[in-house]
Amino acid sequence: MRMQGKVAIVTGAASGIGRAIAQRYLAEGAKVCIADIKGAEAAARELGALGVTMDVTDEKQVDAGIARCVEQFGGVDVLVSNAGVQHIAAITDLALSDWRRMLAIHLDGAFLTTRACLRQMAKQGRGGSIIYMGSAHSKEASPLKAPYVTAKHGLIGLCKTVAKEGAAHQVRANVICPGFVRTPLVEKQIPEQARDLGISEAEVIKNVMLKNTVDGEFTTLTDVAEVAVFFAAFPSNALTGQSVIVSHGWHMQ
């Protein structure tokens, strides 16, 4: 019960990595607010949490959703900025609208949720933890993913700045950088990359997604959720402004 008495809000938590983190936080004793653009209330009912419908690119929805979490649970101690999408396209084929949508969801969403939670954490005076869902693509690039790679690199910069500014309020900021996790987001990429690269789906998995791992294995939801608990429950400000890669060795540094 490493998070007993903590209040956590997880964005993009109706499914995939966000849902796994929310479920693990609940098991560790936290009160959890599940925020998502759709399916939040249904997921919350299933898990025994609070559900908030939230488009993380909408300033009013973000501020209202976090205010509701604070009203329900008496504050917020942990933010997991996890909401994200993927778009597969070569730069020469990429529409400006898709570029802007990707950056808005990943970076505007991270900024807006951070600002709202950091304001509340500063007011509370009991510290906090802000966790960003980066990617191995926060560290290196892959073809056909220009806006995703750009956004995930950007989260590293935001995290470092929040770690500096949050220190005055005992608020830590860190980034989780998973490798390929077999979520619906990744499942959707497999046929898209097979089409654009002119190879089979099996080859995408073996020679693109898992080629550089040490064991040919996908990163699991459990792997990522364990790191999310580690960052949320860490007992001091010694661990802030950092990024941890969880990728079966897909990327090492």
Side-chain angles (χ1 to χ4, degrees), residues 11-20 35-39 54-59 61-62 80-113 132-159 175-213 216-221 224 243 245-251 253:
T11 68
S15 63
I17 289 174
R19 183 184 174 111
D36 212 313
I37 196 167
K38 61 181 180 180
M54 181 189 293
D55 176 351
V56 296
T57 69
D58 186 308
E59 183 177 14
Q61 285 192 33
V62 169
V80 181
S81 177
N82 167 75
V85 294
Q86 181 59 283
H87 185 83
I88 302 296
I91 290 174
T92 51
D93 299 325
L94 184 64
L96 179 59
S97 59
D98 289 323
W99 169 270
R100 286 176 170 167
R101 179 177 67 92
M102 289 287 291
L103 296 190
I105 292 169
H106 290 270
L107 294 180
D108 293 358
F111 160 68
L112 289 171
T113 52
Y132 300 100
M133 193 55 60
S135 166
H137 286 109
S138 296
K139 306 290 186 174
E140 64 176 71
S142 290
L144 310 179
K145 298 180 181 179
Y148 185 83
V149 171
T150 301
K152 293 302 188 183
H153 273 65
L155 289 176
I156 298 283
L158 176 62
C159 168
V175 187
I176 303 173
C177 298
F180 286 98
V181 182
R182 202 149 189 178
T183 61
L185 191 70
V186 168
E187 291 288 355
K188 182 174 179 290
Q189 289 180 55
I190 295 171
E192 290 175 341
Q193 292 208 47
R195 177 199 66 212
D196 290 354
L197 295 173
I199 58 178
S200 70
E201 293 186 16
E203 288 174 306
V204 170
I205 293 170
K206 181 178 179 181
N207 298 324
V208 177
M209 291 185 169
L210 303 181
K211 179 181 178 181
N212 294 325
T213 63
E217 297 289 338
F218 280 99
T219 302
T220 69
L221 295 172
V224 180
S243 53
I245 302 167
V246 192
S247 68
H248 288 252
W250 190 85
H251 179 88
Q253 71 174 71

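Quick caveat, the model's predicted, so the values are computed rather than measured. Scope of the values below: all heavy atoms of this structure, side chains included, with no hydrogens, waters or symmetry mates.
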Working to the nearest 0.5 Å, report the span between CD1 of I17 and CD1 of I176. 8.5 Å

Heavy atoms, side chains only, cut-off 4.5 Å: are L107 and L155 in contact? yes

Counting C-beta onward and ignoring hydrogens, is there a side-chain heavy-atom pair between K152 and K145 closer than 4.5 Å? no

Could you tell me which residues satisfy side-chain hydrogen bond (donor to acceptor under 3.5 Å, both in side chains) with E201, sequence neighbours excluded, listed by chain and number? none

Measuring from atom CD of Q193 to atom CD1 of I205, what distance do you get when rounded to the nearest 0.5 angstrom? 10.5 Å

Starting at CG of L144, measure out to CG of L94 and round the result to the nearest 0.5 Å. 10.5 Å

Side chain proximity check, V204 to M209, heavy atoms < 4.5 angstrom: yes

Gap separating the CD atom of Q253 from the CD1 atom of I245, nearest 0.5 angstrom: 4.0 Å

Within the structure provided, determine whether S135 and Y148 are in side-chain contact (heavy-atom separation under 4.5 Å). yes

Between I156 and C177, what is the shortest heavy-atom contact and its length? CD1-SG, 4.4 Å

Under a 4.5 Å cut-off applied to non-hydrogen side-chain atoms, are V208 and L197 in contact? yes

Roughly how far apart are T220 OG1 and R182 CZ, rounded to 0.5 Å? 13.5 Å

For H248, which residues count as a ring pair (Phe, Tyr, Trp, His ring centres under 6.0 Å) partner, sequence neighbours excluded? none

Could you give the distance from NZ (K139) to CH2 (W250), rounded to the nearest 0.5 Å? 12.5 Å

